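Just so you know, these numbers come straight off a predicted model, no measurement behind them. We number each residue from 1, following the sequence as shown.
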Amino acid sequence: QTVVDFIRQNVRVPDLTMGDVWGEVSACRMLGGRLLALLDESGIDIADLGADIQDRSDAAMRAAIRAIPDGEYRSRIENDVGFEEPLVVACRVTIRGDTLAVDYTGTTRQLPRSVNSVPNYTFAYSCFGIKAILSPDLPNNEGAYRAVSVWAPEGTILNPRYPAACTTRAMVGQLLPPAIMAALAPVLPERVLAAPGSPGSSFMLSGMHRNRPFATISFVGAGMGAGPDHDGLSPISFPSNVSNTPIEVMEALVPIRILERRRRGGAGGAGRRRGGDGQRIEFAFVGDSPAVATILMSRMKCPAPGILGGGPGAVGRLFFNGRPRNPTEHWVLQPGDRVTMETSAGGGYGDPRQ
C-alpha cells in the first residue's frame, strides 16, 4: 500500500495511472501462470528452447543479409519537427557477408530540446527497419540481431551526452526505419516503403475541469509511405504502433469537442503507388478553466520524400483560432479556443507516369 500511495501522490491523474499499473500487474500474473503451466505439462527446458529459437533466428537473419550484395548504401533524411532548422539523419548501411552495420555519422548534433534519442532507442528503431525489410516473419528475439550492429557518434541526436532531454525521442527515432529503407532501396526495391508523414502527431492537454484534474495525450496519425504493390495507408502512425485516438475517448477524457475529423484527400505523394493521406482534425476547448496544451507535429517544412522516383507528401499545418502556429510553442487554452491539426502525408513509390 505504501508503494501505491507513493505513486498516486506523484502523478497528475492517480486513478488513470493506477488503472494502467494494475493492468500490467494482471497481465504479468496471467502470463507467468500460463508459462509455468506449459512448462510443467510439457517438461520443456526453457533455457534450451530459448537458445534454439535464437540460433534459428540468427541463421535466418544471416541468410537474408547474405542475399544482399556486399557494399555501402547511403541515405539522408531531413525533418524539421517544427524547429527553425531541419534535423538531418545521415545513414550508411554496410553489408559484409552475413553481417550488417548501420553508421549514423553526419547526423545532427544533440539539441537543447527533448527530441534526442538515447542509444538503446536508436538501436531498437534501427533494428525494426532492418527486420521489417529482411525477416518480417521471424520471431522477434535476441538471436535476430546478433549479425547487426548500430553506431552513432557521441554528442549527436542519436547518441547524446548526459544530460540531454529525451522525452520526445520518438520524433527522431521514428526517422530511422525510413532512412534505412531509403539506403537499401537500390538493392531491395521490392521490400522498401517511401517515407511516412510520421513521426506521428499528438496533442497533450492538462488542467482542471469541474474541480477534477485531467491530463492525457491523444494520437493523430499521418500518411504512410507507399510500397511497391500498394498505396500508403491513411492515416496511421507508422513506424510507431500507436493507433488514432477515437473521438469518443478524446471527449471522455478531456473537456474538448471534436468539430471535424476527416482524411486530407489527395495529400499523399504521387507515384506508381500513391502515398497515404494525412488527416485534418479540429477541436474546441470547452473546459471551465484554462488548460496547458502541448502539440507534437513534424514535417511542417520538410515533406516526407518519395522513393525510387515517387513524389513527396504534403507537409503538415497547425492553426490556433484560425491562425497558423508553430507546434513548438506552449499554449494556454481558454474556453472556446479552437485548434486545427492537418497531419503530413506519406511519400509516393515509383515513377508517377507508371
Side-chain angles (χ1 to χ4, degrees), residues 53-54 57-58 60-65 67-68 73-77 79 81 87 89-95 99-104 107 115-152 156-159 166 168-185 187-188 190-202 219 221-228 230 232-233 235-243 276 298-299 304-305 307 346-347 349:
I53 290 173
Q54 291 185 19
S57 297
D58 177 42
M61 177 63 84
R62 291 182 185 275
I65 295 173
I68 307 172
Y73 307 97
R74 299 174 182 265
S75 70
R76 175 186 171 95
I77 294 285
N79 195 352
V81 198
L87 305 178
V89 172
C91 177
R92 181 179 68 196
V93 179
T94 302
I95 305 294
T99 63
L100 185 154
V102 181
D103 186 336
Y104 291 112
T107 293
V115 297
N116 300 287
S117 172
V118 289
N120 62 333
Y121 198 82
T122 297
F123 178 79
Y125 261 110
S126 299
C127 286
F128 172 82
I130 293 165
K131 191 171 184 301
I133 299 170
L134 298 182
S135 58
D137 298 325
L138 273 184
N140 198 31
N141 60 71
E142 184 76 13
Y145 307 112
R146 291 174 184 167
V148 174
S149 63
V150 177
W151 188 79
T156 64
I157 55 174
L158 298 178
N159 183 12
C166 304
T168 53
R169 57 195 173 276
M171 304 300 285
V172 167
Q174 290 181 21
L175 298 175
L176 305 184
I180 291 171
M181 290 188 182
L184 293 176
V187 287
L188 296 172
E190 75 287 355
R191 297 192 185 184
V192 299
L193 303 175
S198 305
S201 301
S202 61
F219 296 101
M224 189 172 177
H230 62 276
L233 298 176
I236 196 169
S237 293
F238 180 85
S240 166
N241 68 343
V242 300
S243 60
S298 66
R299 299 206 174 281
I307 201 167
Y349 182 102

Distance-only polar pair, side chains of Thr122 and Ser117, donor-acceptor under 3.5 Å: yes
Check: Ala90 main-chain N/O paired with Thr107 side-chain donor or acceptor under 3.5 Å: yes
Side chain to side chain donor-acceptor pair (under 3.5 Å) evaluation trace for Ser126 with Tyr104: CA-CA 10 Å; Ser126 299; Tyr104 291 112; 2.7 Å; yes
Backbone N/O of Ala152 and side chain of Asn159: donor-acceptor pair under 3.5 Å: yes
Side chain to side chain, Arg146 and Gln54, heavy atoms closer than 4.5 Å: yes
Contact summary for Pro196 and Pro178, nearest pair of heavy atoms: CD-CG, 3.5 Å
Tyr145/Asn140 under side chain to side chain donor-acceptor pair (under 3.5 Å): CA gap, chis, key distance, verdict: CA-CA 9 Å; Tyr145 307 112; Asn140 198 31; 2.3 Å; yes
N/O donor-acceptor pair under 3.5 Å between Lys131 side chain and Asp137 backbone: no
Flag side-chain contact, heavy atom, 4.5 Å: Ser240 against Ser198: no
Exam field: side chain Ser135 to backbone Met61, donor-acceptor pair closer than 3.5 Å: no
From CA spacing to verdict: side chain to side chain contact (heavy atoms under 4.5 Å, CB included), Thr99, Ile65: CA-CA 7 Å; Thr99 63; Ile65 295 173; 5.7 Å; no
Close side-chain approach of Leu176 and Leu158, heavy atoms under 4.5 Å: yes
Minimum heavy-atom distance between Ser57 and Ala144, given as atom pair plus value: CB-N, 3.9 Å
Check: Arg299 main-chain N/O paired with Asn79 side-chain donor or acceptor under 3.5 Å: yes
Any side-chain heavy-atom pair of Leu193 and His230 under 4.5 Å: yes
Audit row: Val89, Arg76, side chain to side chain contact (heavy atoms under 4.5 Å, CB included) steps and yes/no: CA-CA 6 Å; Val89 172; Arg76 175 186 171 95; over 6 Å; no
For the student: nearest non-hydrogen atoms of Ile133 and Pro136, plus distance: O-CD, 4.3 Å
Tyr73 vs Ile95 side-chain heavy atoms within contact, under 4.5 Å: yes
Any residue meeting side chain to side chain contact (heavy atoms under 4.5 Å, CB included) with Ala194, in chain and number order, not counting sequence neighbours: Ile307
Validation row: Val102, Arg92 side chains within 4.5 angstrom (heavy atoms): no
Exercise: identify the closest heavy-atom pair between Tyr125 and Pro177: O-CG, 3.4 Å
Ile68/Leu134 under side chain to side chain contact (heavy atoms under 4.5 Å, CB included): CA gap, chis, key distance, verdict: CA-CA 10 Å; Ile68 307 172; Leu134 298 182; 3.6 Å; yes
Non-hydrogen side-chain atoms of Leu175 and Pro199 separated by less than 4.5 Å: yes
